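Report on the structure given below.
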Amino acid sequence: MVGAQTTEQGDCSKYKGNIPHCCKKDPTVVDLLPGTPYNQQISNCCKGGVIASWAQDPPNALSAFQISAGNAGTTNTTVRLPKNFTLRAPGPGYTCGPAKKVRASKFLSTDGRRVTQALMTWNITCTYSQFLAQKTPSCCVSLSSFYNDTIVPCPACTCGCQNNITQPGTCVERDSPYLPTLINSPSKNLPPLIECTPHMCPIKIHWHVKLNYKDYWRVKVTITNFNYRMNYTQWNLVVQHPNFDNVTELFSFNYKPLTPYGTINDTAMLWGVKYYNDMLMQAGKMGNVQSELLFRKDKQTFTFKQGWAFPRRLYFNGDDCVLPPPDAYPWLPNVGPSLRVGKVFLLIVSLVVSACLLAFL
């Protein structure tokens with residue numbers, strides 16, 4: 001095996017001399033770490049099991065390893081397709097279908113003058129389900145706007161409820177004197193350590209409608225990590241909003257439009273700038289990233305009424321984030337500022353008139 005290794009060798013006692021790398025019929029294969037010796041590498045291998053999304057970093061969105069299988073024969077009738085594939089990265093949630101034969105792969109020689117063909121090629125498709133990966137959501141959304149003083153928080157108990165009485169250690173207060181000890185524990189494979197909040201989510205997305213111009217409007221997006229034991233390398237955020245078909249500028253985030261429905265351009269993928277904010281650090285002072293988005297108004301659709309300025313859906317690292325209920329969104333005031341000033345003015349005038357009348361009586 002080149003570019004990866006199995007976690008167990010299995011029973012190879014029947015072999016003498018050239019001992020196989022693995023003799024198990026159901027091996028678990030793991031990626032090799034960066035810096036592996038060159039004689040153990042192949043192209044696109046050795047990334048420590050970390051694969052970037054295709055939109056963020058195409059060169060690092062592939063991972064490969066090579067296996068030499070014994071007793072497999074040398075024809076496409078003797079080679080049997082593998083069965084029971086399972087993808088465990090970074091945990092449960094993936095379900096893999098059966099291997100299917102496809103057109104044989106072709107390989108170009110280094111000098112570009114010769115093409116060789118594989119004996120057989122098959123594809124295995126694995127799909128991810130958030131419901132299989134975890135029982136509760138992993139992120140939530142809070143909302144605010146310049147035209148309303150109300151800050152709509154994440155729904156209570158979105159990702160669980162505080163229960164330190166019957167289940168101690170499920171969360172920790174930000175000002176707890178035991179926090180440094182818990183964070184720096186030498187033990188491995190510790191469960192997540194979440195800051196105690198009403199929503200109990202490790203990730204919170206805050207969408208703030210910041211400013212309104214004549215032809216544009218501005219939004220500030222903040223991603224906060226409440227997990228003291230985990231950072232998020234090469235994080236990404238997918239947002240659905242109808243005005244993404246006319247986004248003008250982003251500050252400190254990368255942007256790529258996603259068009260899963262052909263001509264409908266209402267979905268965008270956002271991620272951090274490399275070496276600047278592409279890593280969302282653990283909970284604390286550095287545990288957040290933020291950016292501002294500038295949209296150009298479409299006079300036919302733009303409005304601040306009925307929560308139009310807020311996103312329809314958000315996904316953090318592929319997991320659906322829970323939004324507040326629509327009736328809790330910040331709404332435009334029922335009365336405009338000019339009308340409010342007019343009413344106050346009329347009230348003052350009426351009070352002065354009343355005082356003058358009383359003085360003459």
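Keep in mind that this is a model prediction, so the values were computed, not measured. We number each residue from 1, following the sequence as shown.
At most 12 heavy atoms of other shown residues, nucleotides or ligands fall within 6.0 angstrom of atom CZ in R313. Shown here is N39, whose CG atom has more than 12 heavy atoms of other residues, nucleotides or ligands within 6.0 Å. Around CG of D149, the count of heavy atoms belonging to other residues, nucleotides or ligands within 6.0 Å does not exceed 12. Heavy-atom contacts from other residues, nucleotides or ligands closer than 6.0 Å to CD of Q40 number more than 12.
For Y128, the side chain to side chain donor-acceptor pair (under 3.5 Å) partners at least two apart in sequence or on another chain are D319. Take H241 and apply the ring-ring contact (aromatic ring centres under 6.0 Å, His included) test, not counting sequence neighbours, and it matches W217, W308.
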Subject >> I19 and Q9: CA distance, side-chain angles, deciding distance, side chain to side chain contact (heavy atoms under 4.5 Å, CB included) verdict >> reply: CA-CA 10 Å; I19 305 298; Q9 185 183 29; 3.4 Å; yes

Original post:
side chain to side chain contact (heavy atoms under 4.5 Å, CB included) between V115 and F107: does it pass, once the steps are laid out?
Top reply: CA-CA 5 Å; V115 176; F107 308 95; over 6 Å; no

Subject >> Verdict with supporting geometry, D298 and R296, side chain to side chain contact (heavy atoms under 4.5 Å, CB included) >> reply: CA-CA 7 Å; D298 184 344; R296 186 176 183 87; over 6 Å; no

**OP:** Start with the C-alpha distance between I203 and I223, add both sets of side-chain angles, then the distance that settles side chain to side chain contact (heavy atoms under 4.5 Å, CB included), and finish with yes or no.
**Re:** CA-CA 7 Å; I203 294 293; I223 307 173; 4.1 Å; yes

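Checked by atom type and distance alone, the side chain of W235 pairs as donor or acceptor with a backbone atom of N277 at under 3.5 Å. With hydrogens and angles ignored, the 3.5 Å screen pairs no side-chain donor or acceptor of N231 with any backbone N or O of Q282. For the pair Q130 (side chain) and D320 (backbone), a donor-acceptor distance under 3.5 Å is present. Between the side chain of T259 and the main chain of I264, no donor-acceptor pair closer than 3.5 Å is present. No donor-acceptor pair closer than 3.5 Å links the side chain of W207 to the backbone N or O of I205. Under the 3.5 Å distance criterion, the side-chain polar atoms of N123 are left unmatched by any main-chain donor or acceptor of A99. In this structure, the side chain of N44 does not engage the main chain of S63 through any donor-acceptor pair within 3.5 Å. The backbone N or O of T6 lies less than 3.5 Å from no partner atom in the side chain of K24, so there is not a single donor-acceptor pair. Between the side chain of R312 and the main chain of F310, a donor-acceptor pair closer than 3.5 Å is present.
For the atom pair S43 OG and F65 CZ, the distance stands at 14.5 Å (nearest 0.5 Å). To the nearest 0.5 Å, atom CD1 of residue I194 and atom CE of residue M200 are 6.5 Å apart. Annotation: the span from H206 atom NE2 to N288 atom CG amounts to 12.0 Å, rounded to 0.5 Å. Distance check, rounded to the nearest 0.5 Å: CH2 of W271 to NZ of K256 gives 6.5 Å. Atom CD1 of I42 is separated from atom OG1 of T36 by 11.5 Å, given to the nearest 0.5 angstrom. In this structure, the separation between CD on E195 and SG on C171 is 9.0 Å, given to the nearest 0.5 Å.
H199 has its ring centre less than 6.0 Å from the ring centre of F226. Ring-centre distance between F244 and F295: below the 6.0 Å cut-off. Taking the six-membered ring for Trp and the full ring otherwise, F253 and Y276 have centroids separated by 6.0 Å or more.
Under a hydrophobic-cluster definition in which Ile, Leu, Val, Met, Phe, Trp and Tyr are linked whenever side-chain heavy atoms come within less than 4.5 Å, directly or via other members, V289 and L250 are assigned to the same cluster. Note on L314: it clusters hydrophobically with V247, by side-chain heavy-atom contacts below 4.5 Å among ILVMFWY residues. Y94 and I124 fall into different hydrophobic clusters, where Ile, Leu, Val, Met, Phe, Trp and Tyr side chains are chained together by heavy-atom contacts under 4.5 Å. By the criterion of side-chain heavy atoms lying less than 4.5 angstrom apart, applied directly or through intervening Ile, Leu, Val, Met, Phe, Trp or Tyr residues, Y147 is grouped together with L143 in one hydrophobic cluster. Tracing side-chain contacts under 4.5 Å through hydrophobic residues (I, L, V, M, F, W, Y), one reaches L323 starting from V219; they form part of the same cluster.
Among all heavy-atom pairs drawn from G272 and N254, the shortest one is O-ND2, 3.0 Å. Across all non-hydrogen atoms, the minimal contact from V2 to Q41 is CG1-O, 3.4 Å. Among all heavy-atom pairs drawn from C159 and P137, the shortest one is SG-O, 3.2 Å. Looking at every heavy atom in both residues, A4 comes nearest to D31 through CB-CA, 4.5 Å. In plain terms, the two heavy atoms of P27 and C22 that are nearest each other are CB-SG, 3.8 Å. Smallest separation of non-hydrogen atoms from V238 and M269: CG2-CG, 4.2 Å.
Y232 places a side-chain heavy atom less than 4.5 Å from the side chain of M230. You'll find the side chain of Y315 stays beyond 4.5 Å of the side chain of C139, heavy atoms only. V29 is listed as a side-chain neighbour of M1, based on a closest heavy-atom distance under 4.5 Å. At a threshold of 4.5 Å between non-hydrogen side-chain atoms, the residues I183 and R229 do not count as touching. In this structure the side chain of T233 never reaches within 4.5 angstrom of the side chain of D278, judged on heavy atoms. When side chains are defined from C-beta on, S144 does not count as touching T150, because their heavy atoms never get closer than 4.5 Å. Contact annotation: the side chain of I51 never approaches that of N60 to less than 4.5 Å [non-hydrogen atoms, C-beta and beyond]. Side-chain contact between V239 and L270 is present, with heavy atoms from C-beta onward closer than 4.5 Å.
Cysteines C201 and C140 are not disulfide-linked, with SG atoms at least 2.5 angstrom from each other.
Using a 3.5 Å distance cut-off with no hydrogens or angles, the side chains of K297 and N212 do pair a donor with an acceptor. Side-chain contact annotation: Q56 with N236, donor-acceptor N/O pair under 3.5 Å present. In the model, Q240 has a side-chain atom that pairs as donor or acceptor with a side-chain atom of D266 under 3.5 Å. In this structure, a donor-acceptor pair under 3.5 Å is present between the side chains of T121 and S105.
A salt bridge is absent between E292 and K220; no separation between the charged side-chain nitrogens and carboxylate oxygens falls under 4.0 Å.
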